[in-house]
Amino acid sequence: MKFSEFPYARPDMDAFKREIETLLDRFRGAQTFEAASDAIAAINAARTELSSLLAIARIRHTIDTTDSFYKEEQRFIDEQSPVYQGLVTEYYRALVASKHRARLEERFGRQLFASAELALKTFDPAILDDLKEENKLSSEYVKLVASASIEFEGERRTLSQLAPFLQSTDRDMRKRAADARYGFFEAHEQEFDRLYDELVKLRTSIARKLGCRTFVELAYARMSRTDYGPAEVAAFRKQVRDHIVPIAQRLNERRRRRLGLDRLRYYDGISFLSGNPTPKGDPAWIVERAQEMYAAMSPETDAFFRFMTDGGLMDLESKPGKRVGGYCSYIGAYRSPFIFSNFNGTAHDVDVLTHEAGHAFQAYMSRGFDVPEYIHPTLDACEIHSMSMEFFAWPWVGSFFLEDTEKYKFSHLAGALTFIPYGAAVDEFQHVVYENPDWTPAQRKSAWREIERNYVPSRIYDDMPYLERGGFWHQQQHIFKSPFYYIDYALAQICALQYWQRSNRDRAEAWDSYVRLCRAGGSDSFTGLVRLAGLRSPFEDGCVASVVGDIDAWLSAVDDQSL
Ligand code: ZN
């Protein structure tokens, strides 16, 4: 059956609630392990059925936001999602308290219980109003950023419409575009500071109501980090400072020479004077190349990509009424991943078919799990699948980029490495902010500027006072919306770079490990999955050093001045 034929009718939430409550009673009263186990299986089946309907409606709504039927369904889902969350919380409470827990852990795996326990730590009815307020404040941030309407080159533009000008090879154009962008943030500096101040104080108060010393502890629980804490992450950041920052600085120096500039300034974010690498065909051509790539890559990816195309499980091209951005979703009842994107003619289109397809491939490989929690790992692990697929695609990227292939590989690998220090800076900033909730906005900004100097010393803002006093992070949505999430990208990237390294040495061995990792889904914690895949944990001293040497050598061998 194709995605377009998946039936949808609005779920009866009252009936669902009654069903779950009956099953929960049965579970709590179960005299035998078998009866308890059967009740869990029935709860999982009911949840999968409901969540599949919600996923179908959500996907169809984002594909055409003007369709009034699915718009109404999306509104219904938003309204009902606290009811659903409440039932899941009840289920978790029963699960961790079960007298059959030991045998249930053997049957369903320990990870379900560990993450259920952590999830329970993050909620109490006493914080319900605070959570609403937290949502309201982060939506206010999103609205403020989306409200940007900047007069530039004869038209009013949003920040994302301004973005291509920041990539212009004409330096004057870049500077004017950057000044327009930061002009918007500076004009709303006090509002961004106020919103964040309120968020920090509110989150701290929520954490204390839940018995945590600071919000940091609660944030780690919200991210479902069952197996590491701030000390491990700090050890990773130290490795980044010691081993990646110096290489990133050399790469920036090479970029400066490539661009023929005296100094890199805040508006010099481009990589090549000859422009960025681009795919050499239209969307249909790109999808054909992807089909050939996945057919050649492995029997698993061949079956996966056929499944996606045959099932109409990708909606890739931009069209009127379609929501912006991209994502990968999963419809449990049909064991089907779904890829949503907006192709725009840049290298981004190929990234969709490698990165988002990496997420989808993992979901496809873990579709045998009947525990919904095991379809999706925690976010740190999730990004390993996607970022590694970008590198496993290397032998075929030439078919997309033709004469731009070397340029693509160089900027992909250099970009993967230089991103990590910035990711660590965003993380360290949030740690110091929430450890010091009474700081003033000015203290926060000066702390940011100091952290930035340690991790991204190439940033010099002597001619931009707003950035010099520490305003850069205002544009980083995660800091407002998804606290402490950002480091996950850096942790996953170090793992993906290990796959790049391993596949250069022994492709078959690296691929086997990757498939094993994808099959394991979310059945283990981040460090558990890393161990299962035979990767070195990013928290372990020496991990970063063991991978960056090869990358540095590869990048150094490229004659980038001619790209
Ligand atoms: Zn991703």
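Order of listing sets the numbers, starting from 1, for every ligand and every atom in it. For clarity, every value in this text was computed on a predicted model and none was experimentally measured.
Protein-derived N/O/S atoms nearer than 2.8 Å to the Zn ion (ligand 1) total 4, waters excluded.
Between Phe6 and Tyr334, the ring-plane angle classifies as parallel under the 30° and 60° cut-offs. Ring-plane geometry between Phe392 and Tyr514 is classed as tilted, the angle between the planes lying from 30 to 60 degrees on a 0 to 90 degree scale.
Between Lys121 and Glu217 there is a salt bridge, since at least one side-chain N of the basic residue sits less than 4.0 Å from a carboxylate O of the acidic one.
At distances below 3.5 Å, not a single donor-acceptor pair connects side-chain atoms of Glu134 with backbone N or O atoms of Arg203. Using modelled atom types, no side-chain atom of Asp302 and backbone atom of Ser298 make a donor-acceptor pair closer than 3.5 Å.
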Run the side-chain donor-acceptor check on residues 540-547: report pairs under 3.5 Å with partners two or more places apart or on a different chain.
from, atom 1, to, atom 2, distance (Å)
Glu540, OE2, Arg536, NE, 3.0
Glu540, OE2, Arg536, NH2, 3.0
Ser546, OG, Cys543, O, 2.6

